[in-house]
Amino acid sequence: MKKVVIIGAGPAGLTAAYEILKEKNKEFEVTILEETTEFGGISRTVKYNGNRMDIGGHRFFSKDKRVMDFWEELMPIQGTPSFDDAKLGREKSLSPNGPNPEKEDTVMLIRTRISRIYYLKKFFDYPISLKLQTFTNMGLIRTLQAGFSYLKSIFVKKEENSLENFYINRFGKVLYSMFFEKYTEKLWGRHPSEISADWGAQRVKGLSIKAVIKDAFSKLFGSKNKKEVETSLIEQFWYPKYGPGQLWETLAKHVEEKGGIIKKGYSVKNINIKDHKIISVECEVDGKLETIEGDIFVSSMPLKDLVTGFKGDSVPEEEIKIAKGLPYRDFITVGLLVNKLNLKNKTKLKTIGDIVPDCWIYVQEPDVKIGRIQIFNNWSPYLVKDVENTVWIGLEYFCNENDEYWNMSDQEFIAFATSELVKMNIINENDVLDSHRERVKKAYPAYFDTYSEIDKLITYLNKFDNLFCIGRNGQHRYNNMDHSMVTAMETAKNIIQGINSKDNIWNVNTEKEYHEENNNK
């Protein structure tokens with residue numbers, strides 16, 4: 001049997017293991033090395049005092065039919081698009097021992113996607129819509145300025161050598177300045193003029209004013225083609241009843257049932273290489289180093305850590321320099337349990353407790369550091385212990401490891417985050433019932449510094465026949481969850497068929513047509 005060693009038990013690592021074992025479980029011995037004690041990476045679900053936090057928010061939707069079928073196979077679909085399904089099987093939710101599969105808790109809910117922008121202390125649709133309310137919120141002067149600016153962008157195109165020009169070409173300078181510039185700077189800590197246009201090409205692809213107009217008319221005349229809907233314009237998505245971590249915990253269980261070995265608490269420190277092959281990895285376990293040998297290695301660990309961890313044969317100085325310079329953005333989220341929100345539900349959507357219906361609120365206000373607010377009640381009512389009487393929200397901040405925000409104590413940061421919501425009049429300070437803080441390293445691979453030279457690094461890594469790089473951090477690519485899974489599926493296919501080329505793996509999420517024309521659902 002060939003020994004396959006997979007680094008990381010996130011969406012990519014677990015998917016790769018399952019796909020290999022499902023097809024050829026007698027030809028491969030699969031071992032996953034996970035440095036934490038949880039599954040799902042940034043897609044895990046944090047459990048705190050009977051409530052659950054989704055780190056960063058995860059919509060289960062893909063244009064790749066393989067991924068949708070994969071999710072549905074693991075967790076059947078249940079429920080309706082309505083937010084009113086909280087009382088369906090409520091007696092089975094959040095029992096002291098957690099979800100009970102025997103009581104049909106391992107299911108996907110169908111959710112309605114509502115995410116809005118909070119700017120000028122008003123709500124705007126995200127992405128921007130052509131509703132009357134949008135123009136009312138903007139005012140006549142801003143609306144006219146935005147319209148003429150967009151018309152100019154149609155006829156005068158900028159060279160797309162930065163994320164700033166990427167957005168201006170699609171929305172015009174006025175809308176870019178209102179809805180993209182400051183938020184992007186919050187997210188990355190860099191002005192969009194310093195960030196590669198590759199980020200926009202991967203994250204928003206065909207989203208533009210033209211796409212918004214097309215979507216509006218298709219709704220009006222009932223001619224919408226699901227294959228043509230941009231990911232950012234979808235109106236419904238699936239969501240595991242108890243958060244995304246539930247799906248990855250379920251998948252981990254299936255991997256083990258098929259003979260896969262998952263070693264938790266194994267932090268890969270060194271990767272031993274010889275003649276462009278990986279021989280073994282050295283893991284820190286309980287303060288000691290343990291060597292794990294293998295024939296094939298699949299890595300979802302950060303590309304920077306992978307290359308700087310190479311030992312044995314010397315690594316070219318240029319590739320080391322590129323790897324060390326790859327930037328990341330780190331992430332802090334604060335869970336706040338409150339009695340109520342001061343925001344009023346002025347929509348026609350029915351919600352539990354009549355709270356605002358948003359999953360996410362994108363905060364564009366320039367005088368606060370907070371980037372987004374999640375309302376966990378709306379992702380799934382089963383994330384909240386007392387969903388009818390409390391609101392459980394997540395306050396999301398983007399930072400750099402060891403900066404002033406990262407180094408604040410939990411108490412200091414929670415107080416700071418709470419004060420920002422009070423400042424925006426979203427909550428009253430005396431309505432806070434409980435709180436929790438989570439810090440996530442290397443949450444977002446960034447597209448500046450030595451990223452412009454990453455192709456040289458990829459060319460070097462492709463020389464290792466028995467190494468496959470997958471997932472968001474494994475490829476240093478800001479992939480969605482489904483893209484990460486597809487890199488794993490392509491890798492499993494190559495391993496099973498004995499294909500050494502990595503082109504199909506690196507090409508995932510690089511061409512628009514890959515997602516819009518290939519087996520869409």
Side-chain angles (χ1 to χ4, degrees), residues 56-57 113-150 153 163-164 166-168 170-193 195 199-200 203-204 207-209 211-213 215-216 230 232-233 333-334 336 341-349 355-375 378 391 393-399 416-427:
R113 178 197 187 278
I114 304 292
S115 298
R116 292 182 292 176
I117 296 168
Y118 194 68
Y119 177 58
L120 304 173
K121 298 202 166 36
K122 299 173 183 176
F123 279 112
F124 293 81
D125 286 346
Y126 176 83
I128 293 299
S129 69
L130 299 180
K131 295 177 182 177
L132 177 61
Q133 188 62 47
T134 301
F135 304 123
T136 302
N137 287 349
M138 289 173 62
L140 178 61
I141 294 176
R142 278 197 187 92
T143 299
L144 290 173
Q145 289 173 334
F148 285 118
S149 175
Y150 172 64
S153 74
L163 184 58
E164 178 174 62
F166 177 92
Y167 280 133
I168 291 174
R170 285 156 181 77
F171 297 93
K173 190 166 185 179
V174 172
L175 287 177
Y176 155 73
S177 298
M178 289 177 64
F179 296 110
F180 296 96
E181 185 175 17
K182 294 300 181 184
Y183 182 83
T184 302
E185 197 165 6
K186 272 186 191 181
L187 172 57
W188 296 112
R190 299 282 185 96
H191 190 268
S193 61
I195 301 173
W199 186 87
R203 295 299 291 184
V204 299
L207 184 61
S208 62
I209 289 294
V212 172
I213 294 172
D215 182 71
E230 294 300 329
S232 296
L233 296 173
T333 185
V334 170
L336 281 188
L341 299 177
N342 292 336
L343 300 172
K344 303 300 181 184
N345 182 13
K346 296 181 180 181
T347 72
K348 297 179 181 179
L349 295 169
I355 62 174
V356 289
D358 307 75
C359 300
W360 269 317
I361 298 173
Y362 293 85
V363 180
Q364 302 280 25
E365 304 292 13
D367 58 343
V368 293
K369 294 291 184 182
I370 187 170
R372 293 184 307 210
I373 301 169
Q374 283 197 80
I375 303 177
N378 295 336
V391 185
I393 57 178
L395 317 181
E396 300 183 353
Y397 289 83
F398 315 108
C399 62
F416 164 71
T418 301
S419 70
E420 291 213 313
L421 284 201
V422 173
K423 179 180 180 179
M424 290 189 291
N425 195 32
I426 290 177
I427 64 168

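For reference, positions follow the sequence shown, starting with 1. Computation of the quantities below employed the complete heavy-atom set of this structure, encompassing side-chain atoms and omitting hydrogens, waters and symmetry-equivalent molecules.
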Student: Between Lys423 and Asp367, what is the shortest heavy-atom contact and its length?
Tutor: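 Heavy-atom minimum between the residues: NZ-O, 3.1 Å.
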Student: Is it the case that Arg170 places NZ or CZ above or below the six-membered ring of Phe166, under 6.0 angstrom from the centre and within 45 degrees of the axis?
Tutor: yes
Student: Would you compute the distance between atom CD of Gln145 and atom CG of Leu175 and round it to the nearest 0.5 angstrom?
Tutor: 10.5 Å
Student: Would you check if Ile393 and Leu421 make a side-chain contact, meaning some heavy-atom pair closer than 4.5 Å?
Tutor: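 Yes. Closest side-chain heavy atoms under 4.5 Å.
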Student: Examine distances only and state if a side-chain atom of Lys346 and a backbone atom of Val356 form a donor-acceptor pair shorter than 3.5 Å.
Tutor: no
Student: I'd like to check Gln133 versus Lys122 (side-chain heavy atoms, cut-off strictly below 4.5 Å). Are they in contact?
Tutor: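 No, side chains not in contact.
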Student: Would you name the heavy atoms of Ser153 and Phe171 that are closest together and state the gap between them?
Tutor: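 For Ser153 and Phe171, the tightest heavy-atom pair comes out as OG-C, 4.5 Å.
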Student: Residues in side-chain contact (heavy atoms from CB on, under 4.5 Å) with Lys186, at least two apart?
Tutor: Val363, Val368
Student: Working to the nearest 0.5 Å, report the span between CD1 of Ile375 and CD1 of Ile361.
Tutor: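 Separation between the atoms: 4.0 Å.
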Student: Can you name the nearest heavy-atom pair linking Asn342 to Ile427, along with the distance?
Tutor: ND2-C, 3.4 Å
Student: Do side-chain atoms of Asn137 reach the backbone of Phe123 as a donor and acceptor pair under 3.5 angstrom?
Tutor: yes
Student: Out of curiosity, Leu187 CG to Glu396 CD, how far, rounded to the nearest 0.5 Å?
Tutor: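 One finds 10.5 Å between CG of Leu187 and CD of Glu396.
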Student: Of the non-hydrogen atoms in Asn378 and Cys359, which two are nearest, and what is the gap between them?
Tutor: O-SG, 4.3 Å
Student: Using modelled atom types only, decide if a donor and an acceptor are shared between the side chain of Ser149 and the backbone of Ala146 within a distance under 3.5 Å.
Tutor: no
Student: Apply side chain to side chain contact (heavy atoms under 4.5 Å, CB included) to Tyr119 and Met178, showing your working.
Tutor: CA-CA 9 Å; Tyr119 177 58; Met178 289 177 64; 3.7 Å; yes
Student: Could you measure the distance from the CD1 atom of Ile117 to the CH2 atom of Trp360? Nearest 0.5 Å is fine.
Tutor: 13.0 Å
Student: Output the distance between atom CG (Leu163) and atom CH2 (Trp188), rounded to the nearest 0.5 Å.
Tutor: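 Atom-to-atom, Leu163:CG and Trp188:CH2 are 9.5 Å apart.
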Student: Considering all heavy atoms of both residues, which atom of Tyr183 and which atom of Tyr362 are nearest to each other, and what is their separation?
Tutor: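 Scanning both residues, the minimum pair turns out to be OH-CD2, 3.5 Å.
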Student: Checking Asp358 side chain against Ser115 main chain: does a donor-acceptor pair fall under 3.5 Å?
Tutor: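 Looks like no, no N/O pair under 3.5 Å.
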Student: State whether the side chain of Gln364 and the backbone N or O of Phe179 hold a donor-acceptor pair below 3.5 Å, judged by distance alone.
Tutor: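 Side chain of Gln364 to backbone of Phe179: a pair is present.
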Student: Please round to the nearest 0.5 Å and tell me the distance separating atom CG of Leu349 and atom CG of Asn345.
Tutor: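 Reported to 0.5 Å precision, the distance equals 7.0 Å.
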Student: Kindly say whether Met424 contributes a backbone atom to a donor-acceptor pair with the side chain of Glu365 at under 3.5 angstrom?
Tutor: no
Student: Considering all heavy atoms of both residues, which atom of Ile370 and which atom of Ile373 are nearest to each other, and what is their separation?
Tutor: CD1-CG1, 3.7 Å
Student: Indicate yes or no: at least one non-hydrogen side-chain atom of Val174 is less than 4.5 angstrom from one of Tyr150.
Tutor: no
Student: Can you confirm whether the side chains of Glu164 and Tyr176 place a donor and an acceptor under 3.5 Å from each other?
Tutor: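 Judged by distance alone, the side chains do pair up.
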Student: Any side-chain heavy-atom pair from Lys369 and Phe416 closer than 4.5 angstrom?
Tutor: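 The answer is yes; the side chains approach within 4.5 Å.
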Student: Just checking, is any N or O donor in the side chain of Tyr397 or Glu420 under 3.5 Å from an acceptor N or O on the other one?
Tutor: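 Yes, a side-chain donor-acceptor pair sits under 3.5 Å.
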